[in-house]
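Reviewing the structure listed below.
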Amino acid sequence: MRRTIQILQTIYKIARLGGMPRLPLPSGADVVIIGGGVVGASAAFHLAEAGADVVLLERDQLASGSTSKAAGGLRAQFSDSLNIELGKRSLEAYKRFAERPGWEIDYEEIGYLFVLTTEAELDVFRRSVALQNQLGVPSRIVTPEEALKLCPLLAGDDILAASYCPTDAHATPESVVQGYAYGARQHGAHIAVSTRADGIDVVDGVITGVRTPRGTVATGTVISAAGAWSRACGEMAGVRLDVTPMRRQVLFTAPMGDLPAKLPLTIDFTSGFYFHREGRGLLMSVSDPDEQPGFSTETTDDWIPRLLEVAEHRAPRIASAPIQGGWAGLYDMSPDGNAMIGEFEQISRFLYATGFSGHGFLQGPATGEILRDLVLGRELFVDVTPMSAERFDSGALAPEFNVV
Ligand SMILES: Cc1cc2nc3c(=O)[nH]c(=O)nc-3n(C[C@H](O)[C@H](O)[C@H](O)COP(=O)(O)OP(=O)(O)OC[C@H]3O[C@@H](n4cnc5c(N)ncnc54)[C@H](O)[C@@H]3O)c2cc1C
């Protein structure tokens with residue numbers, strides 16, 4: 001019954017928003033956010049809720065960039081303490097999303113299971129789990145037998161151990177963006193879709209406005225949340241956001257009959273092969289070492305033999321399941337596999353959050369909160385100095401080991 005009411009509420013909210021006539025673009029705002037993926041929408045919600053006057057510019061439709069292509073995985077299992085904090089904070093927000101901002105996102109604690117096959121991997125994961133536990137994340141190293149129990153699709157006598165966290169989860173990415181946009185609008189934010197930011201006006205190091213084909217929005221503060229397209233966004237203001245777009249493809253199997261109702265998002269760490277339940281089938285992917293940087297999101301077949309080869313060994317039932325479809329999206333890669341969140345010093349009030357390197361969906365809620373606090377000069381719940389985009393100028397990298 002609760003679920004039926006939520007579905008009816010969602011249809012009602014979308015119908016209301018969709019039925020609204022297009023409003024003129026405001027001539028000014030406290031903050032202009034460029035990009036309507038999870039990061040931009042989360043920032044818009046957090047800022048509008050705090051009373052800021054916000055305009056979000058999205059050149060296409062909300063969630064049309066990488067966010068709608070994400071596998072929906074949410075985790076706090078990282079090697080870097082800052083990433084653990086961001087994952088943990090975001091998981092808490094996702095868990096309460098139905099109350100704040102008030103939208104159903106199909107949040108489910110399915111757990112993440114990292115399958116480990118080398119002593120070197122196990123060593124790093126042991127240290128990571130100890131750090132995660134210190135920070136309140138209930139992850140643990142499990143035996144091969146327990147790993148097979150948690151995920152009966154697994155096979156292979158080369159499994160040394162696995163790292164498992166039962167509170168890692170899954171949610172629907174498009175719903176998250178729509179939910180944040182709904183919440184932001186409830187607090188007065190203006191969300192302008194089909195509206196591209198074409199230029200940022202800067203006078204003597206101070207931002208004065210953002211140009212679009214529909215007019216200029218006067219503002220003193222810009223947040224760049226342009227995902228894989230962040231480099232161009234930075235260039236508009238004369239700053240360097242070192243983000244490289246890398247295609248990542250996923251496939252779906254046809255319904256697989258007797259899949260366990262609850263299956264962790266399972267990752268073979270050495271190969272990067274992962275899968276999780278998607279309806280009555282599975283979504284799966286593998287990292288492709290031959291992929292070259294670029295903005296193409298066309299799907300190709302050349303990576304599939306490698307995926308099937310790994311699956312044949314690690315989860316043979318998956319290798320023989322019929323394929324029903326797939327898609328390609330972009331990872332927004334940073335030079336060290338870790339996000340860039342902060343504010344440039346050389347220009348007044350240009351903030352950014354990008355370079356998430358495959359884990360931006362899960363860090364979206366915490367990132368929106370941080371951007372709000374940076375804009376409003378509030379105390380941050382965590383120090384994000386190590387994530388400054390300027391770390392690459394000094395070579396002070398903040399590498400994350402656990403990138404899939
Ligand atoms: C196949 C795949 C699977 C993934 N799985 C996961 C996962 O399980 N968990 C996880 O955490 N992450 C995952 N990711 C990564 C995740 O999708 C991204 O890190 C995250 O969505 C980035 O969000 P974003 O808001 O920064 O960028 P985006 O969602 O790309 O949003 C940026 C937006 O900016 C807009 N834009 C760009 N330039 C302009 C401009 N000039 N004017 C106006 N608008 C502009 C774009 O149209 C776009 O909508 C996955 C990615 C892929 C491709």
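Atoms within a ligand are numbered from 1 in the order they appear, just like the ligands themselves.
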- Message: Please list the nearest protein heavy atom to atom 8 (O) of ligand 1 with its residue and the distance rounded to 0.1 Å.
- Response: Gly73 N, 2.9 Å
- Under the salt bridge (charged side-chain N to carboxylate O under 4.0 Å, His left out) rule, collect the residues that match up with Arg349, sequence neighbours excluded. Glu343
- Which is closest to atom 32 (C) of ligand 1 by heavy-atom distance: Gly65, Ala225, Ala339, Ser357? Ala225
- ligand 1-proximal atoms of Val39, by part, heavy-atom distance under 4.0 Å: both
- Query: Should Ser64 be listed as contacting ligand 1, given a heavy-atom distance under 4.0 Å as the test?
  - Reply: yes
- Item | Closest protein heavy atom (residue, atom, distance) for atom 40 (C) of ligand 1 | Ile34 CG2, 3.7 Å
- atom 35 (C) of ligand 1: the protein heavy-atom neighbour that sits closest, reported with distance to 0.1 Å: Glu58 OE1, 3.2 Å
- Message: Under 4.0 Å from a heavy atom of Gly329: which atoms of ligand 1 are those, numbered in the order shown and with their elements?
- Response: 53 (C)
- Task: Look at atom 52 (C) of ligand 1 and say which protein heavy atom is nearest, naming residue and atom and giving the distance to 0.1 Å.
- Result: Tyr331 CE1, 3.5 Å
In a table with atom names and distances, give each donor-acceptor pair under 3.5 Å that connects a side chain of residues 39-46 to protein atoms at least two apart or in another chain.
residue: Ser42; atom: OG; partner: His46; partner atom: ND1; Å: 3.4
residue: Ser42; atom: OG; partner: Gly364; partner atom: O; Å: 3.0
residue: His46; atom: ND1; partner: Ser42; partner atom: O; Å: 2.8

- Task: For atom 14 (N) of ligand 1, find the nearest protein heavy atom and state the residue, atom name and distance (0.1 Å precision).
- Result: Gly358 O, 3.6 Å
- atom 21 (O) of ligand 1: the protein heavy-atom neighbour that sits closest, reported with distance to 0.1 Å: Thr67 OG1, 2.9 Å
- Heavy atom under 4.0 Å from ligand 1: found in Phe361's side chain, backbone, both, or neither? both
- Query: Looking at Phe356, which atoms of ligand 1 are within less than 4.0 Å of one of its heavy atoms?
  - Reply: 19 (O)
- Query: Does at least one non-hydrogen atom of Thr354 fall below 4.0 angstrom from an atom of ligand 1?
  - Reply: no
- closest protein heavy atom to atom 11 (O) of ligand 1 is Leu362 N, 2.7 Å
- Task: Using the ring of Phe381 (Phe, Tyr or Trp, six-membered ring only), decide whether Arg89 places NZ or CZ under 6.0 Å from its centre and within 45 degrees of its axis.
- Result: yes
- Item | Residue portion contacting ligand 1 (non-hydrogen atoms closer than 4.0 Å) for Asp332 | side chain
- Closest non-hydrogen protein atom to atom 5 (N) of ligand 1, residue and atom name please, with distance? Ala71 N, 2.9 Å
- Item | Region of Leu330 that comes within reach of ligand 1 [heavy atoms, distance under 4.0 Å] | backbone
